[in-house]
Structures are given as C-alpha cells and as structure tokens.
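Contents: one structure, followed by commentary.
Reckoned from all heavy atoms, side chains included, excluding hydrogens, waters and symmetry mates. Each chain gets a letter, A, B and so on, in the order its sequence line appears, and its residues count up from 1.
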2 protein chains.
Amino acid sequence: MINFDALIIEDGIPIYLQIVRHIKRGIVSGVVKDRDELPSRRVLSAFLGVNPNTIQKAYRILEDEALIESHSGAKSYMSLDGARIAAVRDELVEADAKSSVEALKQMGVTKEQAIALIEKYWEE
Amino acid sequence: MINFDALIIEDGIPIYLQIVRHIKRGIVSGVVKDRDELPSRRVLSAFLGVNPNTIQKAYRILEDEALIESHSGAKSYMSLDGARIAAVRDELVEADAKSSVEALKQMGVTKEQAIALIEKYWEE
DNA sequence: ACAACCGTATTAGTGATATAATACAGTTGA
DNA sequence: TCAACTGTATTATATCACTAATACGGTTGT
C-alpha cells in the first residue's frame, strides 16, 4: 500500500498536483513499485482531509499517463516498467534542477555559491 | 526603467506572483536599484499582454512590503536599502535552494548527484 | 448471497485568478 | 494652462480549483 505519511499539503499549489508529484517522487526513489496497491479515493481523502474528487482528479492524471490501472469496483494499482520509471525520473529531476539553476543564476548566484547552498541545506 | 524583457509568463503560477518574483530576483541580482522607475500599470500590462488589474495586484504586494513607492498621479519607484535587499535575497535564495534539495532528496538523489546536476545544468 | 467495499459520475456552490470596461482625481511637461 | 499621462477604484464576467452531497453499478470476502 502506497504511503502518504510524508505528504504535507501546502497551499499555493493545487492539491491534486501535489498528490501526483508525491507519487511520482516515490516512483523515482523506488519506494513506489509496480503492482503496488493505492489507497481508495475515499480512504485517502479522509486521511489527507481533502475532498474525494480531488483525489480522483490526481489519480485520473496518473491513469492518463498509464502509471495507474483503475477498474470500476476494484482497487487501483501502480503499473510501472523501466521505460515509464525513466520517463518520470527525467521529468522530475530535470524540471527541478533546471528551474533551480535558472532561478539562482538570475539572482546573480555563482556556481560555487549554488553548490555551497546545496551542501548547506542538504543537512537541513 | 525596470526591464521585463526576460519575463516569460508561464501558466500554473498566478501571473501577479510571477511579476513580483521577477522584480525580487532583479533586486537580489542588483539589476534593480533604489529609485529605479517602474513602468506604469497600463504600459506594463500592454507589454506583457495581461490585464492592468493584474499588474496593480503585483505592484500592490511590493508596495505592502515597502519595496515600491506609489503616489496617486505620479510614477512609481523602487524603494530599497541594504536591509530590504538582504531580506529579499534570504527569502528567494533560501526558498529556492530548500525546495530543490527537498525534492531531490525525496527522489533518492545523493548529494554528489545533486551537485553534478547543478554543474550540468549550469552550462545550459 | 450480500454487505462492505470499490471506481465513477453528476450537480451545486465557494473562492481565487484574470479579463474587460469604465471612471475619477492627482502629476507633470510642453 | 492643459493635454497626456499617472495611480486608484468599481462593477461585471469567465474560468479553475476545491468542496459538498449524492447516486449508480461493479468487485470482493465472508
């Protein structure tokens, strides 16, 4: 069963996108595996304190990207293979590193300063 | 006159926040200086192809943070000093580095890999 | 078989974002 | 002086994100 304990909903970003991102990050890290069972829409909505429709919207997006298999009446499961996992990794890691580098460069931060910042915040 | 040529509006993030962020990044990089003149609401809205009210919303936020001075009928100007600039730098750099580190860690990327990614994307 | 789940769909309402069309009063330069 | 700007404010409309309350039919374990 996929775990959502580490997902703290923050505002400013649509909730359904945060749920999609959380699952995708799990895919990339290897915590989420092929055939893993997903909590039902109702169960997860109660756990996160959001509307079931919001969960459905997130799951729908993942299903449209063929990362989830859903069948009426039955539980939903992850559907992953090497190609899909690699695609998600590229999407997330590239987007994150690129946007971060772009922002830091635009603020006049040097590459050395950027690396120092990464090292600093890596230890929390 | 503050320049907005490098600002490409992307969707998913409110436009007024993107304008605020663009100006704040300019403050941190030193491109935007104290007493710099801002384009009028109407002029900037025409240049960016958005509604004047959206610009007003962005300028209002910056004025509330005492980074802009506006007086009815007159042009608007930046109002910066060392303390304000340092505060904006801390806000932006910290937020960017922290969120990036958090995302990469959650995806199972090691610190060394993260630094390699930064170096890779630094050259575009 | 059947209760308790499951996914799915629909309708309605709220708040935020953004556009559109004005209006009014203060300023500034020629 | 006065026309052309400025900031500011108002009202209306549209869309999206999210909540809320249901409803329907399929799956599953006991």
Side-chain angles (χ1 to χ4, degrees), chain A residues 1-4 7-24 32 34-80, chain B residues 1-4 7-24 32 34-80:
Chain A
M1 179 73 74
I2 295 179
N3 188 287
F4 288 86
L7 176 54
I8 296 112
I9 301 297
E10 53 181 322
D11 47 26
I13 306 161
I15 297 170
Y16 72 97
L17 289 180
Q18 296 187 50
I19 293 165
V20 168
R21 191 179 63 179
H22 182 260
I23 293 172
K24 285 187 172 179
V32 172
D34 185 48
R35 294 285 98 203
D36 272 0
E37 182 183 329
L38 288 146
S40 78
R41 279 74 167 160
R42 290 170 180 85
V43 166
L44 183 55
S45 71
F47 179 73
L48 295 177
V50 302
N51 196 274
N53 298 342
T54 303
I55 310 296
Q56 167 65 2
K57 194 165 187 177
Y59 280 13
R60 168 74 69 189
I61 288 172
L62 293 164
E63 203 188 350
D64 287 346
E65 297 183 23
L67 299 171
I68 280 183
E69 276 181 17
S70 291
H71 301 288
S72 186
K75 292 176 179 174
S76 299
Y77 297 91
M78 299 304 305
S79 175
L80 303 174
Chain B
M1 178 72 75
I2 295 178
N3 188 288
F4 288 86
L7 176 54
I8 297 112
I9 301 296
E10 54 182 322
D11 46 25
I13 306 161
I15 296 170
Y16 73 96
L17 289 180
Q18 296 186 50
I19 294 165
V20 168
R21 191 180 61 180
H22 182 261
I23 293 172
K24 284 187 172 180
V32 172
D34 185 47
R35 293 286 98 202
D36 272 359
E37 183 184 328
L38 287 147
S40 78
R41 278 75 167 161
R42 289 170 181 82
V43 167
L44 183 55
S45 72
F47 179 74
L48 295 177
V50 302
N51 196 274
N53 298 342
T54 304
I55 310 295
Q56 167 64 3
K57 192 165 186 177
Y59 280 14
R60 168 75 69 190
I61 288 172
L62 293 165
E63 203 189 350
D64 288 345
E65 296 183 22
L67 300 172
I68 281 183
E69 276 181 16
S70 292
H71 300 289
S72 187
K75 292 175 179 174
S76 299
Y77 297 92
M78 298 304 305
S79 176
L80 303 173

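By the 4.5 Å heavy-atom criterion applied to side chains, K75(B) and L38(B) are not counted as neighbours. Here the side chains of P39(A) and F4(A) are in contact, with some heavy-atom distance below 4.5 Å. Residues Y59(B) and I23(B) have side chains in contact (heavy-atom distance under 4.5 Å, counting atoms from C-beta outward). Side-chain contact between I68(A) and M78(A) is present, with heavy atoms from C-beta onward closer than 4.5 Å. Counting heavy atoms from C-beta outward, L62(B) and K24(B) have side chains that approach closer than 4.5 Å. Using a 4.5 Å cut-off on side-chain heavy atoms (C-beta onward), E69(A) and R35(A) make contact. For the pair V50(B)/Y16(B), no side-chain contact is recorded, criterion being any heavy-atom separation below 4.5 Å from C-beta on.
Whole-Å rounding puts the E63(A) CD to dG7(C) C1' distance at 9 Å. As a whole-Å value, the separation of E37(B) CD from dT6(D) C1' is 11 Å. As rounded to whole Å, 12 Å separates atom C1' of dC6(C) from atom CD of Q56(A). We find that CD1 of I13(A) is positioned 16 Å from C1' of dC16(D), with the value rounded to whole Å. Rounded to an integer number of Å, the gap from K75(B) NZ to dG7(D) P is 9 Å. Taking atom NZ of K57(A) as the reference point, atom C1' of dT10(C) lies 15 Å away to the nearest angstrom. Look at CG on L38(A): it is 9 Å from P on dG7(C), rounded to the nearest Å. In this structure, NE2 of H71(B) is placed 9 Å from P of dT8(D), rounded to the nearest angstrom.
Of the listed nucleotides (dG7(D), dT27(D), dC18(D)), dT27(D) has the atom at the smallest distance from the side chain of A74(A). In the set dG7(D), dT19(D), dA18(C), the nucleotide with an atom closest to the side chain of T54(B) is dA18(C). Picking from dG7(D), dC18(D), dT17(C) the nucleotide with the shortest atom distance to the side chain of S76(B) gives dG7(D).
Contacts of Y16(A) with the nucleic acid, taken as non-hydrogen atoms under 4.0 Å apart, involve only primed sugar atoms and P, OP1 or OP2.
In this structure, N53(B) and G73(B) both approach DNA chain D, and ranking their closest nucleotides by distance from the 5' end singles out G73(B).
Listed in residue order, the members of residues 39-51 of chain A having a heavy atom less than 4.0 Å from DNA chain D are R42(A), V50(A), N51(A).
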